[in-house]
Amino acid sequence: MKTTASIRSLACSLMAALVMPAWAASLDPARIEMLGPIPLGETKAGPHQDAIVRNIQTALAELDSDKLTVFGQSYSWRPLEPVQADAAGLILSRMELGVDGFTTGHLSVTGLDKVQLFVDGQKQEKEDKGFKLALPTGDYQLLVVAEEVVAGQSPGFEFTGAEASDQVTLQQGKRRLSARQLFDSPVVSNLQVSPKGAYALVSYRRFTPEQEDTAVSRTELVRVKDMQVQQVWDSAPANALFSPDEQHLLFSQHDKLQAMNLKDLSVRVISGELKDASGFRFVNSDSLVFAWNQEGKDDGELVKRYQALEDRWSGWRDNSQLYQLDLDSGFIRQLTDDKASSSLLDVNEDKGTLLIGRSLVDYSSPPHGLSGLYELDLASLTEREIGQYRALNDARYAKSGLYVLGGPNFAGGAGLNVSEGLTANDYDGQLYHMALDGSNVKALSKSYDPAISAMQVLDNDDLLLKVGKADRVPLVWYDASEQKYKELTPQLDVVKHWAASEGDQPQILYAGTTTSIPQALYRQKLGRKAEKVWDSANYYADTRIPELEEFDFVNARGQNIDGRVYLPHNLDKNRKYPAIIYYYGGTAPVTRGFTGRYPFNLWAAHGYVVYVLQPTGTTGYGQDMSARHVNAWGDDTTEDVIAGTQAFLKAHPYVDADKLGHIGASYGGFMTMWLATQTDIFAASISHAGISNITSYWGQGWWGFGYSGVASRGSFPWNNADLYSQHSPLFHADKISNPMLLIHGDADTNVPPGESQNMYTALKLLGKDVELVEYKGDNHHILTRDKTFHWWSTILAYFDKHLKDEPQWWQHLYPQE
């Protein structure tokens with residue numbers, strides 16, 4: 001029989017167990033480093049001292065060395081050790097903290113006083129229990145800055161988890177990839193090369209925790225032969241262009257055109273006020289042509305009377321026309337005057353002519369718009385029409401005639417190469433040549449599968465082309481004499497930016513990534529070996545990049561469907577992993593960029609096997625493949641995603657077939673909703689800016705009618721009601737069985753937010769498991785730094801909840817009332 005004392009003791013033990021933290025542990029001092037004390041004079045609390053401490057952590061983040069020199073004194077990182085109580089100055093401690101699931105708790109510090117904590121550069125909130133931490137899966141660098149030492153105590157650190165599962169480890173070696181690395185690390189944002197290739201403008205952009213949503217930009221004027229920097233700007237000079245003789249760099253500043261002498265870097269103003277002027281281009285050495293915009297008038301405060309379908313676009317009523325500026329006198333004359341805006345496509349200096357394009361309102365046939373092509377003679381100021389075309393994307397002067405980029409249906413179907421019964425997809429860019437009067441149109445890429453998106457004509461009539469080749473985006477040299485396409489950029493999977501000089505053998509600069517290698521910049525003379533001149537590898541030097549493997553399968557029609565698989569770190573094939581399936585399906589491939597709006601490498605770093613596939617309808621694989629996108633709205637694409645997922649599971653037995661998530665955006669968001677009505681193989685669905693009702697998408701928003709002119713060519717609600725209703729996920733909402741997250745920007749002008757609201761309403765009324773998250777003020781893409789991190793977290797937290805049975809992160813982001 002228990003005594004009163006023993007009962008009281010047991011009760012106290014039970015009470016203690018109830019109030020004790022679920023998990024608490026002192027962090028191993030052997031894996032913690034310190035530096036200092038660094039004497040920095042009197043330390044007084046306040047904004048100045050906070051700024052000093054923040055400046056220190058920023059400086060440390062930029063340093064690669066294990067040493068720090070301050071006011072001539074060198075300091076080295078060393079193992080954590082006691083500090084004399086009378087030591088004056090800042091004491092820095094650093095450690096790498098790892099968590100394998102969303103973890104919350106407090107970090108307490110002993111032996112040090114006046115302490116601040118930074119986690120990956122972000123200052124943390126201090127509470128009575130210590131510094132509050134809420135960490136998703138990943139590895140984090142912790143920097144502790146202390147201003148005083150507690151007498152008689154050695155420095156120590158303890159983490160107390162909120163729950164038993166909230167545990168941390170001190171890491172050594174390379175860390176897992178993080179969202180901030182992917183978003184913040186420097187990238188090349190623009191390239192421009194002078195006509196003869198002697199100079200270039202190279203712009204870089206990066207983000208820092210201190211700047212938050214404001215990018216830190218830098219533009220360098222470099223000498224290309226040795227990439228030596230001649231001048232630096234904090235941001236890219238507006239409307240910059242090099243003079244033909246490469247003696248000057250012209251740019252806009254304070255609404256005036258200025259010229260920098262490239263020899264002595266002196267600057268002079270060469271024009272009066274040119275507000276709203278853009279697109280400057282040399283006609284010859286004496287004059288420039290440029291576009292000057294006039295803002296359109298609205299209908300007053302009460303109403304807006306639409307003038308056309310395009311009137312839903314902001315700025316459509318603006319009118320931009322071409323003007324010519326004489327450099328010697330500063331005199332300006334107007335060259336064009338048309339109801340439609342005039343765009344400069346090219347200049348023929350020898351002939352003294354301009355090639356001009358205009359977008360014309362015409363709904364008589366798909367894709368519901370005309371492109372007018374014109375030539376202006378500068379001597380006589382007379383203009384002649386070359387022709388009006390559908391599916392025209394771009395045009396440039398050739399030695400004789402014109403090079404044109406357009407869809408297969410350009411010029412009455414001159415580029416068609418599809419099997420019987422298929423309708424060509426005009427997003428599949430083709431190359432043409434035609435006479436200056438618009439006659440004799442020749443298709444140059446019928447048998448060339450990649451989709452062509454941009455071109456530059458060389459002096460010998462060869463071309464540099466940017467193409468979509470399957471899921472890669474290379475630069476290609478088109479040899480006009482041999483009529484052959486030769487790839488130039490095997491070092492990169494995706495060329496993001498490129499520029500080239502003029503001449504037969506241009507100097508080319510190009511920047512981009514591979515699936516597993518971040519940003520790099522290359523210099524290459526056409527016909528010679530490329531040389532890497534910059535990369536961002538040092539920003540990932542201590543990072544483990546997820547491994548990648550190729551995974552293709554053959555669909556029911558015998559078509560090879562490309563795919564790739566991103567693998568978690570330390571893959572153990574004896575355990576089961578959740579997986580995320582990603583696709584687009586809206587006719588463009590999901591390219592092999594290192595990062596992007598949907599960071600596959602990051603998802604893998606969070607413990608998911610990620611399968612990305614290129615289903616039927618995708619461009620870059622030939623016209624038959626892309627044609628199956630037209631008037632299909634998910635038919636063949638759905639079969640490929642389901643069959644591909646089943647093949648992926650068979651080939652990867654360590655993937656848990658009961659823990660599959662799928663996600664897509666825009667047309668891919670439509671595919672997510674549609675797939676959820678067609679199969680139950682997925683345990684969770686995420687649709688970002690998806691289309692739930694094809695009819696409302698077609699009739700609303702900025703681009704629905706234009707996109708549908710290609711994707712639903714010839715089909716309308718009155719002549720193909722079945723397509724618009726029975727292929728709309730909303731009409732099959734009752735068939736959805738798995739949880740679904742709908743994400744949308746509430747200011748989306750492309751796919752209006754009502755498309756997600758439609759599905760949310762339906763699933764709520766049906767009693768289904770559905771969430772809708774709208775980002776305030778965001779359009780079709782979420783672009784700002786803070787919202788991107790929140791958006792990425794929302795996606796992973798939702799998958800963690802449903803695929804890992806770990807709801808903590810989701811509950812942290814969206815706590816229950």
Side-chain angles (χ1 to χ4, degrees), residues 21 23-45 49-50 52-99 103 105-133 135 138-161 167-175 541-542:
W23 185 85
S26 297
L27 302 183
D28 184 0
R31 295 194 174 187
I32 302 174
E33 294 182 305
M34 67 183 301
L35 183 148
I38 305 173
L40 292 179
E42 292 294 326
T43 58
K44 297 180 179 179
Q49 184 63 12
D50 288 345
I52 289 172
V53 172
R54 181 169 289 279
N55 187 63
I56 289 172
Q57 68 89 20
T58 301
L60 287 171
E62 297 291 337
L63 292 175
D64 295 327
S65 173
D66 281 337
K67 292 185 178 181
L68 179 67
T69 301
V70 180
F71 301 123
Q73 180 67 42
S74 181
Y75 299 89
S76 298
W77 289 101
R78 64 187 188 277
L80 191 67
E81 63 183 15
V83 183
Q84 293 182 357
D86 59 353
L90 294 181
I91 299 169
L92 312 180
S93 304
R94 70 180 184 183
M95 65 196 82
E96 292 282 345
L97 205 65
V99 296
T103 299
H106 290 82
L107 181 73
S108 58
V109 182
T110 57
L112 301 171
D113 204 358
K114 293 185 178 179
V115 175
Q116 295 187 53
L117 172 66
F118 298 89
V119 177
D120 285 348
Q122 299 285 334
K123 188 176 179 179
Q124 302 301 301
E125 177 185 355
K126 189 175 183 181
E127 301 178 344
D128 291 340
K129 298 178 182 178
F131 292 97
K132 184 178 181 180
L133 298 180
L135 305 175
D139 299 325
Y140 301 86
Q141 185 174 74
L142 274 61
L143 178 68
V144 177
V145 182
E147 299 178 29
E148 293 183 1
V149 175
V150 178
Q153 292 187 24
S154 298
F157 302 88
E158 183 178 81
F159 178 79
T160 303
Q167 301 185 21
V168 301
T169 58
L170 287 179
Q171 304 289 94
Q172 286 184 329
K174 291 189 174 184
R175 50 193 307 212
D542 64 345

Indicate yes or no: at least one non-hydrogen side-chain atom of [X] is less than 4.5 angstrom from one of [Y].
{"X": "Ile32", "Y": "Leu142", "result": "no"}
{"X": "Val119", "Y": "Phe131", "result": "no"}
{"X": "Val144", "Y": "Arg94", "result": "no"}
{"X": "Phe157", "Y": "Leu80", "result": "yes"}
{"X": "Trp77", "Y": "Leu92", "result": "yes"}
{"X": "Glu81", "Y": "Met34", "result": "yes"}
{"X": "Gln124", "Y": "Leu133", "result": "yes"}

Of the non-hydrogen atoms in [X] and [Y], which two are nearest, and what is the gap between them?
{"X": "Gln171", "Y": "Leu97", "value": "CG-C, 4.1 Å"}
{"X": "Pro37", "Y": "Val83", "value": "CG-CG1, 4.1 Å"}
{"X": "Tyr140", "Y": "Arg175", "value": "CA-NH2, 3.4 Å"}
{"X": "Pro82", "Y": "Pro155", "value": "CA-CD, 3.8 Å"}
{"X": "Phe118", "Y": "Val145", "value": "CE1-CG2, 4.2 Å"}
{"X": "Ala24", "Y": "Thr160", "value": "CB-OG1, 3.9 Å"}

If you measure from [atom1] on [X] to [atom2] on [Y], what distance do you get to the nearest 0.5 Å?
{"X": "Glu127", "Y": "Ser108", "atom1": "CD", "atom2": "OG", "value": "12.5 Å"}
{"X": "Asp113", "Y": "Glu147", "atom1": "CG", "atom2": "CD", "value": "9.0 Å"}
{"X": "Met95", "Y": "Thr169", "atom1": "CE", "atom2": "OG1", "value": "12.5 Å"}

Check for a donor-acceptor pair, side chain of Asp542 on one end and backbone N or O of Lys174 on the other, with a separation under 3.5 Å.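 Side chain of Asp542 to backbone of Lys174: no pair is present.
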
Under 4.0 Å between a side-chain nitrogen and a carboxylate oxygen: does that hold for Lys132 and Glu125?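 Here Lys132 does not pair with Glu125 in a salt bridge, since their nearest N and O are not under 4.0 Å apart.
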
For the pair Leu68 and Ile38, evaluate side chain to side chain contact (heavy atoms under 4.5 Å, CB included) and give the outcome as yes or no after the intermediate values. CA-CA 10 Å; Leu68 179 67; Ile38 305 173; 4.1 Å; yes

